[in-house]
Q: 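Mind looking over this structure? Questions follow.
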Amino acid sequence: MKRGDRRDVVRGGVVALLAARGARTHRRAWAAVFAALALGSLLLGTLGLAAGSAALGHARVERYAGADAVVAGTQSTRYTAKPWGSEARTVRAGLTERVRVPARALDVVRQVPGVREAVADVAFPVTAPTARALTGRPWEATRLASAPARLSESQPPTGAREIVVGEGVARVGDRLSIAYGTGSATDTHTYTVTGVSADARRTVHFSRDEARRLAGRAGELDAIGVLTDSGVPDDVLLTRVRHALDAAHLRDVSAPHRADDDPAPLRVLTGDARGEAEFLAAAPARMPLLQVLASLASVVVLVGVLVVTSTVAQALRQRARELALLRAVGATPWQLRRAVGREVGRIAVLAAAVGSVGAVPAYLALRALLVGRGAVPEGLELPFPPWLAAAPLGTAGLMVLIAWLTALGCCARAARARPAEALREEEPGRARQLTGCVLLGLGAASAGAGALQHGAAAAAAASASALTMVIGCALLGPWLARGAMRVLGAPMRRLGVGGRLAASACTANAARLGAAITPVVLVTAFVLVQLAGGATLGHEAAAQARDAARADVAVSGPGVPYDAVERIRRLPGVAAATAVAHGTVVLPGKELGEPSLERLPVLGVTPRSLARTLDPAVREGSTDGLRPGTVAVGTDRARTLGVRPGDHVQLRFGDGAEARLRVVATYERALALGDFLFSYEELTRHMSAPPPVRVLAALAPGASPMSLSTAFPGARVERDPVPERVRAEDQALGEVLTAVAVTAIGGFTVIAVLSTLTLISVGRGPELRQLRLAGADRRRLRRTLLLESAATATAGLSLGTATAALPLLAFALSAAGRLPWLPPGQGALIVAVVVLTTTSATLLPALGALRGRYPATAR
C-alpha cells in the first residue's frame, strides 16, 4: 500500500471513530435534531404527495364515461398584459358557469369520418313535489354513460309529456307536476311517468325535443358526446373533430361577448378531460390548490430550516469546548468537518427516512380532511399512483442536505481556528448585529409596502415581513436578551433569593437566554400572523354582515319562482323584499406589475328598497340605479381601481362574457357583501341555470311572518335570518391548510424550544450542583428555575408579539380597516403551549441535580 493510501485510511478511520463516539456520547443532543428532521421530512413529504396528486388531478368522468370524446365550450378566460420592462404575458382563470356549444356543431361532428353517433346533451334544474333539486336531461344522453340507463319498469319517454324518473320519486303511470324555469320565465306542467330507472338517481329524463325546449336556450347545447367506430384512436378522433370545428368557424356561444384577447374555441375532450364538461368547478380548483400547497411548503421549508439550524447549532454549541480541544490536540480542519458531517449525516438519514415513511399515511389523512371539510370541490379526483409514493424520498434528501450544510457551517469556526486559539470563547460580532438590524428594517419596510397593497399582495407582504423580522430577531438574540433582562430583572430581584439568582443567571448568560428566546419568538410571530390575519378578516366580515342585515325574515324553498320577490311584495304586511343571488366574476388587472385574473365572489340583488333589507352602507351614489349595465363597487376596491360613481369598470362574468359597467355607487360593507354588487337580472343572465332564490323581507309592525309561507308552494320562512355573506370558493381550503400550517409551525418550534432549553439545562448541571453544595435547597432552586422559564416565556412572547404586530397592523388596516383581532381562546392556547413547553424543558432536565438531600457529586 502506498504512503498516501495509508494516510487516507488512517484519516478515514479517525473520522469514523470521532463520528461514532460523538453520536453515542451525545444522544440527548441529537434526539432533538432527529425529531426536527423527522417532522420536516414528514411534512415536506406529505405536501409533496399532495402537490403531485393535485398536479395529476382531474374532474371525475361520470356522465360522459361512455363517450369517446366530448365537445364543450372553453371553461376558462385569459388576459394578456405587458409587465414592467418585459414582454407581454398571458394568464388564465377557470370559469365555473357553463359555456355552451352552438347546436350547429352537432351536424358538423356527425360528418366527421369515424364518428358513429353524436349525441346532444342539455341539463337544467326542475322540481317535483316529492323531491328537491332535480336535474332534467334528455333520455338519449344516457347512452353517453359507461353503462346505458336501465329501466326497471316500462319504457323510455317519447312524447312531449312523458318522463322517466329515479326510484323513489314516483311509479309508472303517476302524473307529476314538474316546475322549471329559465331566465324570467317560470312554469309548471304535468307529465306522465312512463319509466323508472335505477340509474337516474336525482335526474328526470325527458324526450329530446322537450328537454331542449325546457332548457330554454334555443340553438345552444351543454355538450356533445361523440361515439366512434371501433378502432379509432383518441388522438386521431381529437384531431379530426378539431379540424372539422375549425373549418366550420365554430366557437362557443360566449365568443361574441368575450374580450379581444380571449378567444373561445370549442374544446374536444378525451380521456380524463371528459369530466371537465360535467364538473365545472373541478378544473379551476386545481391551480388554487397547487398555489396554496406551494405557499405552505415554502413556509414549512423556511421554518424547518430555522428550526433545524437552531437545533443543530445548539447541539454543536454544547460541544464547543470538545471540538476546540480536538483541534488543540492536533485534529485537522478536514477531520473535524468530516467527523461532524458524518455524525450529523447518520442522524439525518435515519430521521429523514422515518419521516418519509410516515408521509404516505399523513397525506391520506390530509386528503380525507380536505374532502370532509368541503375544501375539494365535487368531482375533483386526486389520483395516487403507486410511483408517486417515492416522492417523499426527494424531500427527505432535501432535509438531509439542510442538516449537513448546517453542521458544516456551525463547526466552521472551530475547524479554521488555530489550535492555540480554539479554546477561546467567541463573542457575537458586529457583522451579526448589523445583519439583524438590516433584516428588521427590511421587515418594517415590507410591512409598510403591504399597507399600500390589496388582497393577496397585502397577505404576501405581511408574511414576508414576519419572516424577515423573525430571522432578524434570531440574529439579535443575545442583544435582545440583554434588553429583556434590563426590563425583567428589576421585578425579578424583588421576588427573594430565587428571583435574584434567576435574574443574575439570565443577565450573565445573555447568549444562552437569546438562544432560548429565539424559538419562542418564532412560534409566537408565525402563529400570530397565520391565525390573526384570517381571523381579523373573518371577524370584520361577520360584523359587517350583521350590520348589513335589516330583513325580518327570509323566504326560500325548492322551485322558487323567478317572480317570487314580486309575489312577496304584494303580500299584506310586507314593507320591502329583495331577491339575492350569489355568483362569481373575474377581474383582470395587474398585481405588482404582473397581469392577473382575480376571481371574486359577488352578490346580485333587486335594488328596490334595498337598504330596508340589506344595507351595504352606501358612501357615494345610490343603489337605486342598479340595473343591467351598472354596478356598485366596494370603497376599497373603488380606491384601488380609481373609480367613483359615473366612471366605468371592466370585468368578466362567470361565463367569460366581458362587460364595461357604469359605477352607480360605492359602499363600505364589501368584506361581507363582496367587492361588486350587481342587479339580480344582470348577474343571473350570466349563470348556467337559475340560481336558488332567497328573498329577504322586511315586515310592517304587527305583521305575521307566517303569512309569507303562502307566497309559493313549499316556501320556507326563516325568522331572524342568517346574515348574507359572500365566501370565496377556496375559503374552506385556506382554512384547512392554515390549520395544518399552524400545527406544523407549532410542532417545529415546540421541538426547538424543548431541545434548546433541555440542552441548556443539561449544560447547567454542574452549576446547579455547586449551588446545592453552597446551601441552596431544592425549593429555592426550583423557584429559581421557574422564574428563569417565566422570564424566557415572557421575553419570547413579548418579542414575538411585537414582531408580528407591525405586519399584522399593516395587513389589518389595509384589508379590513381595523386593528388586528385574534379569538381569545387561540391567544390563550399560544400562551399555554409556550409556558408549558418552557417550564417542562427547564425543570425536567434539572431533576437529577434537585433529587436527594445532597447532589451526587457531594457523596
Q: Quick one: closest heavy-atom pair of Thr96 and Ala281, and the distance?
A: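 Looking at all heavy atoms of both residues, the closest pair is CG2-CA, 4.3 Å.
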Q: Who pairs with Arg100 by side chain to side chain donor-acceptor pair (under 3.5 Å), at least two apart in sequence or on another chain?
A: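 Side chain to side chain donor-acceptor pair (under 3.5 Å) check on Arg100 returns Asp222.
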Q: Any side-chain heavy atom of Phe124 sitting closer than 4.5 Å to one from Leu214?
A: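 Result yes, sub-4.5 Å side-chain heavy-atom pair found.
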Q: Establish, from distance only, whether the side-chain atoms of Asp209 and Ser207 form a donor-acceptor pair under 3.5 Å.
A: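 Ser207 and Asp209 do not have a side-chain donor-acceptor pair below 3.5 Å.
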Q: For a quick test of your reading: what N or O donor-acceptor pairs under 3.5 Å do the side chains of residues 264-271 make, sequence neighbours left out?
A:
residue: Arg267; atom: NE; partner: Gly73; partner atom: O; Å: 2.8
residue: Arg267; atom: NH1; partner: Glu276; partner atom: OE1; Å: 2.9
residue: Arg267; atom: NH2; partner: Gly73; partner atom: O; Å: 3.1

Q: Could you pull out all residues at least two apart from His189 that satisfy side chain to side chain contact (heavy atoms under 4.5 Å, CB included)?
A: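 By the side chain to side chain contact (heavy atoms under 4.5 Å, CB included) rule, His189 matches Arg161, Tyr180, Asp187, Tyr191, Arg213.
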Q: For the residue pair Arg137 / Thr203, report whether a side-chain donor-acceptor contact shorter than 3.5 Å exists.
A: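 Their side chains do not contain a donor-acceptor pair, so the 3.5 Å distance test is not met.
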Q: Which salt bridge (charged side-chain N to carboxylate O under 4.0 Å, His left out) pairs, counting each pair once, include a residue from residues 367-391, with sequence neighbours left out?
A: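 Every salt bridge (charged side-chain N to carboxylate O under 4.0 Å, His left out) pair that includes a residue of residues 367-391, provided the two are not neighbours, is Arg60-Glu381.
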Q: Can you list every ring-ring contact (aromatic ring centres under 6.0 Å, His included) pair that touches residues 229-280, not counting sequence neighbours?
A: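 For residues 229-280: none.
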Q: Is a donor on one side and an acceptor on the other found under 3.5 Å between the side chain of Ser688 and the backbone of Arg98?
A: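 Yes; judged by distance alone, with no hydrogens or angles, the pair exists.
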Q: Suppose we call two aromatic rings close when their centres sit under 6.0 Å apart. Are Phe676 and Phe653 close by that rule?
A: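 No, too far apart.
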Q: How close do Pro102 and Asp252 get, heavy atom to heavy atom, and via which atoms?
A: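 Smallest interatomic distance, heavy atoms only, reads CD-CA, 4.0 Å.
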Q: Report yes if some heavy atom in the side chain of Leu237 is under 4.5 Å from a heavy atom in the side chain of Asp68; otherwise report no.
A: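 A side-chain contact exists here, since the closest heavy-atom pair is under 4.5 Å.
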Q: Parallel, tilted or perpendicular: which one describes the rings of His205 and Trp139, with boundaries at 30° and 60°?
A: perpendicular
Q: In a check of side-chain contact (heavy atoms from CB on, under 4.5 Å) between Thr77 and each of Asp261, Val91, Leu597, which one passes?
A: Leu597
Q: Please list all pairs meeting salt bridge (charged side-chain N to carboxylate O under 4.0 Å, His left out) that have one or both residues in residues 229-239, counting only residues at least two apart or in different chains.
A: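 Every pair satisfying salt bridge (charged side-chain N to carboxylate O under 4.0 Å, His left out) with a residue in residues 229-239: there are none.
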Q: Which atom names give the shortest non-hydrogen contact between Pro601 and Val726, and what distance separates them?
A: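 Closest approach of Pro601 to Val726: CB-CB, 3.9 Å.
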Q: Can a donor-acceptor pair be found between the side chains of Thr90 and Arg78 at a distance below 3.5 Å?
A: no
Q: Consider side-chain contact (heavy atoms from CB on, under 4.5 Å). Of Leu388, Leu289, Leu366, Leu293, which one does Ser53 pass it with?
A: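 Passing option: Leu388.
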Q: Keeping Thr46 on the side-chain end and Leu42 on the backbone end, is there a donor-acceptor pair under 3.5 Å?
A: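 Such a contact is found between Thr46 side chain and Leu42 backbone.
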Q: With the side chain counted from C-beta on, respond yes when Arg212 and Pro138 share a heavy-atom pair under 4.5 Å apart, and no when they do not.
A: no
